[in-house]
There are 2 protein chains.
Amino acid sequence: MPQSRPRIIPEATVARLAVYLRVLAGLADGGRSHVSSGELASAAGVNPAGLRKDLSYLGPCGVRGVGYSVAGLRDRLTDALGGERSRPCVLIGIGRLGSALADYAGFASRGFEFVGLLDTDPAAVGRRVGGLPVRPVAELESVVAETQAAIGVITTPAEVAQSVCDRLVSVGVRSILNFAPVALTVPAGVDVRKVDLSVELQVLAFLDQQRHGTPPLVAPLRAAQGSAR
Amino acid sequence: MPQSRPRIIPEATVARLAVYLRVLAGLADGGRSHVSSGELASAAGVNPAGLRKDLSYLGPCGVRGVGYSVAGLRDRLTDALGGERSRPCVLIGIGRLGSALADYAGFASRGFEFVGLLDTDPAAVGRRVGGLPVRPVAELESVVAETQAAIGVITTPAEVAQSVCDRLVSVGVRSILNFAPVALTVPAGVDVRKVDLSVELQVLAFLDQQRHGTPPLVAPLRAAQGSAR
DNA sequence: ACGACTTTGTTCAGGCGTTCACAAGCGGTT
DNA sequence: AACCGCTTGTGAACGCCTGAACAAAGTCGT
Ligand SMILES: NC(=O)c1ccc[n+]([C@@H]2O[C@H](COP(=O)([O-])OP(=O)(O)OC[C@H]3O[C@@H](n4cnc5c(N)ncnc54)[C@H](O)[C@@H]3O)[C@@H](O)[C@H]2O)c1
Ligand SMILES: NC(=O)c1ccc[n+]([C@@H]2O[C@H](COP(=O)([O-])OP(=O)(O)OC[C@H]3O[C@@H](n4cnc5c(N)ncnc54)[C@H](O)[C@@H]3O)[C@@H](O)[C@H]2O)c1
């Protein structure tokens, strides 16, 4: 019996749970049987108290005085994040980035399997990438229907991303991961997550510039120093 | 006159400013002279009031009753995010993902230029990617010194990411973008941003499961999806 | 068997970020 | 010149998330 889930899980917590799960998988492969919240938090790059709070959304999973069972917690997280069942994904736009994703083994190990690769370029269609043939994008609807794909990944040029998204939604895909630098508009009930690499670089550049305005880190051994900021 | 920044800009705002900047660049190309906060917010996928608040960190940039000057706001954002000067970047790990990044034109147009591509694989070294030759990773330190690279992008396997990061930090790189699925440890004063594609898929899977199961719901989420920290 | 130590789970307060709502300012119109 | 409508900019409330301190609970050692 699935006992009640009294609390709702914040999305920020969900993202971290996925990180914990990956760390735990590595620990399990290494033969570890137990971990403490401190060690796990360190490996995940978060605060130990925050980690315990995150895990508490799943109910008590640890043993006081001992820590968490690696295998037990891994299974529990796996279950909480959607079980072990394979999630079929379609990938649209098999260019440089799309090819890299299609060829990446790290997704399959987490239950995400590409079942359809689609492109509009005749030169790309027919090529095999990651063991799967690239099919013409005209077959998008039939591929989704055949494979019951649950997730659509968009790596097309930005100009066509919205139209590709609309077609995915129209055939029932309700989860979309978008790499194109545009904000997609979708009806309620469809989730979109966007990965914007240019923004990441721009944020880094901003933080760097901001740092130059402040005399930061080289610790002044001599105490006194005047101007801060 | 670097004084005119009395207020600090939240990091979440900085990420959105970068998005606004891209939208504005497109609008400027289209010949538009003015935009309202509502239209801009719609194109960026955010709330109009939030957009105005974001822009207010830069001081008044608009004209009441009219809107924002496209070119003027674009220039102001460009300046706030670090100016137009080119930012030299080094990329370590020229595999599938690294090659896609090195070959991507969208970064250069925003001032990010790859000045060094490094890999350890003899088969990769010497290859030209995006007009640049791949050099042996042993030359990392000298490449950074020569090019004064400000940003390091890590697309190596996870096992070696920390050691690559350490080497980057040791030669003065203080901004790092990490694609490997590990939490990097860095000294204070170094910024790391992590892009974790598996986590994005896992969050989508979780949200989908929540939707299918009992409607004890997801938490009210933070609409924007910046990036992992 | 008992005590002390370790580690979890929870509670509390604080900081950020987002949102709504409204007043101020500007252009256009009469 | 004055009015009207439109849009910006901002002040304040609300809610979420983070970080820290505390109590419960279980284990290990004696
Ligand atoms: N490559 C990167 O490092 C990178 C970085 C950041 C963002 N992006 C974004 O990711 C997207 C893809 O980038 P890329 O470098 O792989 O570009 P790319 O040009 O190499 O690949 C795009 C692919 O999409 C295909 N395509 C075009 N129209 C299509 C349609 N209507 N239906 C299906 N497929 C279509 C093209 O044939 C091509 O194969 C772009 O939006 C880009 O802005 C890429
Ligand atoms: N490809 C993807 O779609 C994808 C998705 C998510 C995460 N990632 C992560 O990005 C990273 C790269 O992925 P990939 O698919 O490009 O892998 P890849 O194996 O194709 O490329 C890795 C490259 O790094 C090089 N390398 C290995 N050790 C090195 C070292 N010490 N110094 C410099 N270079 C070294 C290898 O020679 C290889 O060329 C991995 O950590 C992976 O987990 C990739």
Side-chain angles (χ1 to χ4, degrees), chain A residues 3 5-17 19-20 24 27 32-70 72-73 76-77 80 203 207, chain B residues 4 6-17 19-20 24 32-70 72-73 76-77 80 183 188 203 217-229:
Chain A
Q3 76 286 5
R5 182 166 307 160
R7 285 186 254 191
I8 60 175
I9 306 183
E11 189 165 324
T13 291
V14 174
R16 284 189 298 267
L17 291 180
V19 176
Y20 307 154
L24 285 165
L27 259 46
R32 288 287 301 272
S33 69
H34 289 279
V35 251
S36 67
S37 63
E39 189 179 0
L40 196 51
S42 171
V46 302
N47 185 296
L51 180 141
R52 292 198 296 272
K53 191 175 193 57
D54 285 340
L55 294 181
S56 75
Y57 284 105
L58 309 177
C61 334
V63 181
R64 299 178 189 227
V66 172
Y68 300 91
S69 155
V70 170
L73 186 55
R76 188 147 200 189
L77 283 179
V203 171
L207 294 175
Chain B
S4 64
R7 283 182 260 191
I8 61 165
I9 306 183
E11 194 164 314
T13 291
V14 174
R16 284 189 297 267
L17 291 180
V19 176
Y20 307 154
L24 284 165
R32 288 287 300 274
S33 69
H34 289 279
V35 251
S36 68
S37 63
E39 189 179 358
L40 196 52
S42 171
V46 301
N47 184 297
L51 180 140
R52 291 197 296 273
K53 194 170 196 54
D54 285 340
L55 294 180
S56 74
Y57 285 105
L58 309 177
C61 334
V63 181
R64 298 177 188 231
V66 174
Y68 300 92
S69 156
V70 170
L73 186 55
R76 168 105 60 136
L77 283 179
V203 171
L217 285 210
V218 286
L221 58 121
R222 209 155 269 209
Q225 78 262 112
S227 60
R229 187 183 60 89

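Sequence lines set the chain letters: A, B, ... in the order given, protein chains first and strands last, and positions in each chain run from 1.
For V35(A) and K53(B), each mapped to the nucleotide of DNA chain C holding its nearest heavy atom, the one lying further toward the 5' end belongs to V35(A). Between A12(A) and A49(A), it is A12(A) whose nearest contact on DNA chain D lies nearer the 5' terminus.
The distance between atom CG of D54(B) and atom P of dG9(D), rounded to the nearest whole Å, is 12 Å. Regarding R52(A), its CZ atom lies at a distance of 15 Å from the P atom of dA23(D), rounded to whole Å. Rounding to whole angstrom units, CG of residue L55(B) and P of dG9(D) are separated by 7 Å. Rounded to whole Å, the distance from CG on L58(A) to P on dT10(C) is 11 Å.
Regarding contacts with the backbone of dG17(C), every side-chain N or O of N47(B) stays at 4.0 angstrom or more from both OP1 and OP2. In terms of phosphate contacts, Y68(A) brings a side-chain nitrogen or oxygen within less than 4.0 Å of OP1 or OP2 of dG9(C). The phosphate of dT8(C) (OP1 or OP2) has a side-chain N or O of S37(A) nearer than 4.0 angstrom.
The backbone N or O of L58(A) lies less than 3.5 Å from a partner atom in the side chain of R76(A), making a donor-acceptor pair.
The C1' atoms of five pairs define one axis at each end of the helix from dA1(C)-dT30(D) to dT30(C)-dA1(D), and these two axes lie 10° apart (to 10°).
Using a 4.5 Å heavy-atom threshold, the side chains of Y20(B) and L55(B) count as touching. Counting heavy atoms from C-beta on, the side chains of L207(A) and V14(B) never come closer than 4.5 Å.
Considering all non-hydrogen atoms of both residues, Y68(A) and G62(A) come closest at CD2-CA, 3.4 Å.
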Reading nucleotides 23-30 of chain C from the 5' end, what letters show protein touch, with B for base, S for backbone sugar-phosphate only, - for no heavy atom under 4.0 Å?
-BBBS---
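Results of the side-chain contact (heavy atoms from CB on, under 4.5 Å) test with V46(A) over D54(A), V19(A), L51(A), L40(A) single out L51(A) as the only residue that passes.
We find the CZ-CG distance between R52(A) and N47(A) to be 8.0 Å, quoted to the nearest 0.5 Å. Summarising the geometry, atom NZ belonging to K53(A) is positioned 8.5 Å from atom OG1 belonging to T13(A); distances are rounded to the nearest 0.5 Å.
Among the heavy atoms of the strands, none lies under 4.0 Å from G50(A).
Here the nucleotide nearest the side chain of P10(B), chosen from dT8(D), dG17(C), dT19(C), is dG17(C).
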